[in-house]
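Shown next, in structure tokens, is the structure this report addresses.
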Amino acid sequence: MDRDTDIGGLQHRFPVTSHSAIVAARSDDQQVRQRAFSAIVASYWKPAYKYIRFKWQASNEDAKDLTQGFFAAAIEKNYFAGYDSAKASFQTFLRTCLDRFVANQKKAEQRKKRGGGADLFSLDFSSAEDELALYGPTSADSPADYFRKEWVRSLFTLAIGTLSQQYDDSGRSVYFKLFELYDLRDDEMEPKVSYASLANQFGLDTTSVTNYLAAARRDFRKVVLEKLHELTATEEEFRTEARALLGVEISEIPLR
Amino acid sequence: MRSLSDKKIEQLRSIAANPDFSSTKYRIVKELARGGMGTVYLAEDPELSRQIAIKVLSTPEANSEIGRRMVREAQIIARLEHSGIVPVHDVGVLPDGRVFYAMRLVRGERLDEYAARAGSVKDRLRKFQAACDAVAFAHAHGVIHRDLKPQNIMIGSFGEVLVLDWGVAKILPPHRVSEASEAETLMLPARKQGANDSQSISEDTTHGTIMGTPGYMSPEQARGEVEQLNQCSDVYSLGAILYFLLTNESPKPTKGHATPDRQFEPTPRPRELNAKISKAAEAICMKAMAPSNLDRYTSAAELSTDIARLVDAEPVSAYRENAFEKTGRWLGKNRYLILLVLAYLLMRFFFIFSARG
């Protein structure tokens, strides 16, 4: 058993193969840094965009520019190199950087000066707007709570995408299909499905459906933890986030 | 991919957080409670068509100290067959490495919730006595609980009293079990070849380890004197529970490693908080909570006997009454009989005088 890459239990541990993008963002290697920024942007752009819309009451056009501008500036000025895990979680650090950036931008009214439209990333803002319309902040949400909530939504969405990709790559797309139909189904819009009906639909027996679904859920958990691992800077932060997000204690095995 | 609703995120979080029971016969229904050591789930046993409770360790390491401790907790409870101790049906390790055990689902409320909601002093004392009896049974089998507190005692829907959470329980070596006990001392299988049970226990709890809850743990437990712990340590905790039931306040933590001198405050006597508490009840409480374990009741059974006598308005061993108090107690105990006799005498006088008139 390779204890360097395993977390979890004795038999089916959750191998964490990802490396911390937060750590890699400080690398001297341009390519490593680029990959790390991509991972950070992928999981944080939507929460950042929605947060700007909510906290700063920015129009969607302004929020788009500010989101693009923030991540462009983060890369250009290497914001993330200044992160100190002893002071706060990366999520809090990024939110603070974002606040500072937006405040400065608003003050200097530099949006026009920046030229607008010179987008560095290809981000699907319309999906973020749709989500904002459907699952916008409630009156009970503080900006920080809302940012975290949206970060969890982003994390789970990315994890589902990765899970689908992994099953496709390994020729086990039926696992994801079952997971999608049973666990990702919209309870309010779609009729409830049973294990028996799924077995019938896919030409399996009920036991296989049970086993495939259990495997998919296990793998989903694994991917979520991998993503979380990627987006935290230290073991301590990873453990704290895993506990807060899933209520699980990660064993004391070195993960990186 | 379509957007995930808040409800769906919660469901997915639950899917990712809930243990994978696919290798067992159980199906998780929902989370019931979360503690420092693990989480308790409501689950279904489809074979027997019944609901059960399953405790799952948070740490996915069956071979860690905490994992071993949980297996031992299950083994300890499984062997303590008593109506006041929740029966364990099954123990195992999940595919992700987390230890679990399945037990009877207890519907009801915790003793502190019960005390806050209702209960005359007499009712509370009866529940407390039932808890003492369950602990006495464990003591008779050489097991001490070490974390007795109101939150670890459940009052079931039918008034039954159950002592829960044996996670830090200790099995005493045979020579330290009360000689008065006629029951067989509980022996668990040794974990290692050639290791006897008391050795195994000493691995779990070495000197200086503090386990328990401040306010409810005995002074020797607060000082981390693991080798000094015996039935009398549980007697102290029971005394602290009695203190809570009489005063509605938890006792102050005792002096020890967990409570440095500067934070230490002596616990006021129960009658200082509530003058209605009887002197006998206070004496029982203070005897059970005596700082030295030599001054306490020697067993939970002895404490239970004194509580039974208190409930029945009989003299208790912890308090010597004067003649006035004895008379007062006798009058209180027999008040209905006395009223009946007085009523009879009054009627006799009435008939005698009316006949003469």
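The chains referred to below are lettered A, B, ... by the order of the sequence lines, with proteins before strands, and numbering in each begins at 1.
Put simply, the side chain of I160(A) reaches to within 4.5 Å of the side chain of L12(B), judged on heavy atoms. With a 4.5 Å cut-off on side-chain heavy atoms, R13(B) and F156(A) count as touching.
Distance CD1/I9(B) to OG1/T157(A): 6.5 Å, rounded to 0.5 Å. Here NZ of K8(B) is found 6.5 Å from CG of L184(A). Values are rounded to the nearest 0.5 Å.
Taking the charged nitrogens against the carboxylate oxygens, D6(B) and R153(A) do have a contact shorter than 4.0 Å, which makes a salt bridge.
In terms of heavy-atom proximity, Y135(A) sits nearest to S3(B) at CE1-CB, 3.8 Å.
In this structure, K177(A) places its NZ atom where only 12 or fewer heavy-atom neighbours from other residues, nucleotides or ligands lie under 6.0 Å away.
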